[in-house]
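Residue numbers run from 1 in the order of the sequence given.
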Amino acid sequence: MDQDPAPPENFRQFQARFADMFAAYEEGARLARASGPLDEVTSHLVQLAAAIAIRSQGAVHSHTRRALAAGASPEAIFQVVNLLISTVGFPNAAAGFSWINDVVGRNQR
């Protein structure tokens, strides 16, 4: 699968403008992933679920890209949506499906 790792332009501009803060944020995220037994794929799937639950389109896009880059299959990523229907409701899960498909669908063309 041809992965598109590039974040949106506004994110890259934010990252460049606040480079030190972004580096600290990235280090905090790395430390959180290393703080327990969950592997990288599982960590991104958990974060993807949280992003869907709070209806954060940018975070859904980001964690979908990151989960794919870490080795998650599209099927595992879409399973997250199915698991969330009974917890966050169909409308939130459907929005998450659409945002995931923005990334996965683009990579399957």
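Applying the side chain to side chain donor-acceptor pair (under 3.5 Å) rule to pairs touching residues 29-41 yields Glu27-Arg30, Asp39-Thr42, sequence neighbours excluded. Judged as a ring pair (Phe, Tyr, Trp, His ring centres under 6.0 Å), the pairs with a partner in residues 24-53 (not counting sequence neighbours) are, in order, Phe22-Tyr25, His44-His63. Residue pairs meeting the side chain to side chain donor-acceptor pair (under 3.5 Å) criterion with at least one member in residues 76-86: none, sequence neighbours excluded.
Listed here is the closest heavy atom pair of Phe78 and Val104: CE1-CG1, 3.8 Å. Ile77 and Ala67 get closest at one heavy-atom pair: CD1-CB, 4.1 Å. In terms of heavy atoms, Val81 sits closest to Ala93 at CG1-O, 3.4 Å. Closest heavy-atom contact between Val60 and Gly96: CG1-O, 4.1 Å. When all heavy atoms of Asn92 and Ile52 are compared, the pair lying nearest together is O-CG2, 3.5 Å.
In Phe90, the CZ atom is not crowded: 12 or fewer heavy atoms of neighbouring residues, nucleotides or ligands sit closer than 6.0 Å.
Residues passing the side-chain hydrogen bond (donor to acceptor under 3.5 Å, both in side chains) test with Ser62 are Arg66, sequence neighbours excluded. The side-chain hydrogen bond (donor to acceptor under 3.5 Å, both in side chains) check on Glu9 picks up Arg12, Gln13, with sequence neighbours excluded.
How far OG1 of Thr64 is from CD1 of Ile100: 4.5 Å, rounded to the nearest 0.5 Å. For the atom pair CG of Leu48 and NE2 of His61, the computed distance is 10.5 Å after rounding to the nearest 0.5 Å. Remark: Leu38 CG to Leu45 CG distance equals 10.0 Å, nearest 0.5 Å.
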Worksheet item: side-chain contact (heavy atoms from CB on, under 4.5 Å) between Arg55 and Val88: does it pass, once the steps are laid out?
Response: CA-CA 10 Å; Arg55 294 184 66 100; Val88 302; over 6 Å; no

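If you chain together ILVMFWY residues whose side-chain heavy atoms come under 4.5 Å of each other, Leu31 ends up in a group of its own.
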